[in-house]
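Being a predicted model, the structure only gives us computed values, none of them experimental. The chain is numbered in sequence order, starting from 1. Just so you know, these numbers use all the heavy atoms, side chains as well, and skip hydrogens, waters and symmetry mates.
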Amino acid sequence: GISKAVGTEFLRDFKLLMTSNSGQIYFSHNTEDSAKSGDIFVKLVSEGKGYLSEGYKITVTDKIVIEAEKREGVIWALKTLLQIMSQSEDRSVPRGVIRDYPQYKVRGLMLDASVKFYDLTYIRGLVLEMSYYKLNDLQIKLSGDKFRLENTNSALTAADGSYTAAEFDELRTFAAN
């Protein structure tokens, strides 16, 4: 199913976008028919609708209905809603139907940390920004003349900054979620 973390992340991003508490967002847990005006109803549908793993459909009437075959599709649909709301002064979503899926399976960015050290806070922010634009692959170059991942041979580890294996594992977990 759809994890509570997906809804929590959307609500966090939604609250950051809103400048006032003028509206409410609800995730319905019952049936689509029980969704009320203003609700966002999310449903996973059986495979074969053509959404594949990252595709989705958003239907906007007096409520918003999101259909996806997989969790990833739900995440991208919610990012689309945030993008639309961020472009509207009143943060509204126009009525209509959106059907979207990526043309390419891998959509990514490469960060060359071998030349310049990037703080982990910066990289986490970059991961969130990539998610907003539906990029799903971050490659970090860690070695050039020196290594950015701590090494048993300290002469090879960059003096101006490096990452521990534990820090890098935590970053991977953060990005995966």
*Asks:* Enter the distance from Ser53:OG to Lys70:NZ here, rounded to the nearest 0.5 Å.
*Replies:* 7.5 Å
*Asks:* Taking all atoms of both residues into account, what is the closest heavy-atom pair of Ser92 and Ile84, and its distance?
*Replies:* O-CG2, 4.1 Å
*Asks:* Determine the minimum heavy-atom distance between Gly55 and Pro102, stating which atoms define it.
*Replies:*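 Looks like N-CD, 4.4 Å.
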*Asks:* Would Lys141 and Leu111 count as a side chain to side chain contact (heavy atoms under 4.5 Å, CB included) here? Give the steps.
*Replies:* CA-CA 6 Å; Lys141 182 178 178 189; Leu111 182 66; over 6 Å; no
*Asks:* Checking Ser162 now: which residues fulfil side-chain contact (heavy atoms from CB on, under 4.5 Å) with it, not counting sequence neighbours?
*Replies:* Glu150, Thr157
*Asks:* What distance separates Tyr101 OH from Lys57 NZ, expressed to the nearest 0.5 Å?
*Replies:* 13.5 Å
*Asks:* Please name the pair of heavy atoms, one in Ala175 and one in Val127, separated by the smallest distance, quoted to 0.1 Å.
*Replies:* CA-CG1, 3.9 Å
*Asks:* Walk me through whether Ile140 and Tyr118 qualify under side chain to side chain contact (heavy atoms under 4.5 Å, CB included).
*Replies:* CA-CA 10 Å; Ile140 303 175; Tyr118 294 93; over 6 Å; no
*Asks:* Between Met130 and Asp137, what is the shortest heavy-atom contact and its length?
*Replies:* CE-O, 3.4 Å
*Asks:* Please report the interatomic distance OG(Ser114) to CG(Leu149), rounded to the nearest 0.5 Å.
*Replies:* 13.0 Å
*Asks:* Where the side chain of Glu167 meets the backbone of Thr164, is there a donor-acceptor pair that is under 3.5 Å apart?
*Replies:*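 Present.
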*Asks:* Evaluate the criterion side-chain hydrogen bond (donor to acceptor under 3.5 Å, both in side chains) for residue pair Thr80 and Tyr56; output intermediate values, then yes/no.
*Replies:* CA-CA 10 Å; Thr80 295; Tyr56 57 87; 2.5 Å; yes
*Asks:* Looking at Lys49, I'd like to know if its NZ atom is crowded, meaning that more than 12 non-hydrogen atoms belonging to other residues, nucleotides or ligands lie closer than 6.0 Å.
*Replies:* no
*Asks:* In a check of side-chain contact (heavy atoms from CB on, under 4.5 Å) between Val60 and each of Val93, Val97, Ile98, which one passes?
*Replies:*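 With Val60 as partner, side-chain contact (heavy atoms from CB on, under 4.5 Å) holds for just one option, Val93.
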*Asks:* As an exercise, state the distance from CG of Leu128 to CD1 of Ile123, rounded to the nearest 0.5 Å.
*Replies:* 12.5 Å
*Asks:* Not counting sequence neighbours, which residues clear salt bridge (charged side-chain N to carboxylate O under 4.0 Å, His left out) with Asp169? List them please.
*Replies:* Arg172
*Asks:* Which other residues belong to the hydrophobic cluster containing Tyr51, where Ile, Leu, Val, Met, Phe, Trp and Tyr are joined when side-chain heavy atoms lie under 4.5 Å apart, directly or via other members?
*Replies:* Val45
*Asks:* How many angstroms lie between CG in Leu142 and OH in Tyr163, if you round to the nearest 0.5 Å?
*Replies:*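 Here the interatomic distance stands at 7.0 Å.
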*Asks:* Is it the case that the side chain of Glu69 and the backbone of Gly48 share a donor-acceptor pair, with hydrogens and angles ignored and the cut-off at 3.5 Å?
*Replies:*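 Judged by distance alone, yes, a pair lies under 3.5 Å.
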*Asks:* Going by side-chain heavy atoms closer than 4.5 Å, which hydrophobic residues are tied to Leu156, directly or by a chain of links?
*Replies:*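 Leu156 clusters with Phe147.
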*Asks:* For Glu54, give me all partners under salt bridge (charged side-chain N to carboxylate O under 4.0 Å, His left out), at least two apart in sequence or on another chain.
*Replies:* Arg107
*Asks:* Applying salt bridge (charged side-chain N to carboxylate O under 4.0 Å, His left out), name anything that partners Asp160, two or more places apart in sequence or on another chain.
*Replies:* Arg148
*Asks:* Which pairs pass salt bridge (Lys or Arg N to Asp or Glu O under 4.0 Å) with one or both residues in residues 108-121, sequence neighbours excluded?
*Replies:* none
*Asks:* Please list, chain by chain and in numerical order, all residues satisfying salt bridge (charged side-chain N to carboxylate O under 4.0 Å, His left out) with Arg99, sequence neighbours excluded.
*Replies:* none
*Asks:* Taking only residues at least two apart or on different chains, which pairs with a member in residues 122-131 satisfy side chain to side chain donor-acceptor pair (under 3.5 Å)?
*Replies:*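 For residues 122-131, and leaving out neighbouring residues, the side chain to side chain donor-acceptor pair (under 3.5 Å) pairs sorted by first residue read Lys79-Ser131, Arg124-Glu170.
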*Asks:* First locate atom CG of Leu135, then atom CG of Leu126, and finally report the distance between them rounded to the nearest 0.5 Å.
*Replies:*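 Going from the CG atom of Leu135 to the CG atom of Leu126 covers 9.0 Å.
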*Asks:* Start with the C-alpha gap between Thr59 and Ile66, add the side-chain angles, then the distance that decides, and say whether side chain to side chain contact (heavy atoms under 4.5 Å, CB included) holds.
*Replies:* CA-CA 7 Å; Thr59 304; Ile66 295 172; over 6 Å; no
*Asks:* Any chance you could pull the hydrophobic cluster mates of Tyr104, using side-chain heavy atoms under 4.5 angstrom and chaining through other members?
*Replies:*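 Grouped by the 4.5 Å side-chain rule, Tyr104 forms a cluster of one, so the answer is none.
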*Asks:* For Ser86 and Gln83, indicate whether the former's side chain and the latter's backbone hold a donor-acceptor pair under 3.5 Å.
*Replies:*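 Checked: pair present.
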*Asks:* Going through the checks in order, is the side chain to side chain contact (heavy atoms under 4.5 Å, CB included) test met by Ile64 and Asp39?
*Replies:* CA-CA 6 Å; Ile64 297 172; Asp39 283 358; over 6 Å; no
*Asks:* Only counting residues at least two apart or in another chain, list the ones meeting ring-ring contact (aromatic ring centres under 6.0 Å, His included) with Phe174.
*Replies:*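 By the ring-ring contact (aromatic ring centres under 6.0 Å, His included) rule, Phe174 matches no residue at all.
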*Asks:* Can you name the nearest heavy-atom pair linking Asp62 to Arg95, along with the distance?
*Replies:*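 Smallest interatomic distance, heavy atoms only, reads N-NH1, 3.6 Å.
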*Asks:* Determine whether Leu44 and Leu78 fall in the same hydrophobic cluster, where Ile, Leu, Val, Met, Phe, Trp and Tyr are linked whenever their side-chain heavy atoms lie under 4.5 Å apart.
*Replies:*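 Looking at the clustering, Leu78 is in the same group as Leu44.
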*Asks:* I need the minimum non-hydrogen distance between Leu82 and Tyr132, along with the two atoms involved.
*Replies:*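 Looking at all heavy atoms of both residues, the shortest contact is O-OH, 4.1 Å.
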*Asks:* With clusters built from Ile, Leu, Val, Met, Phe, Trp and Tyr whose side-chain heavy atoms come within less than 4.5 Å, directly or transitively, what are the remaining members of the cluster of Val115, listed by chain and number?
*Replies:*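 Val115 shares its hydrophobic cluster with no other residue.
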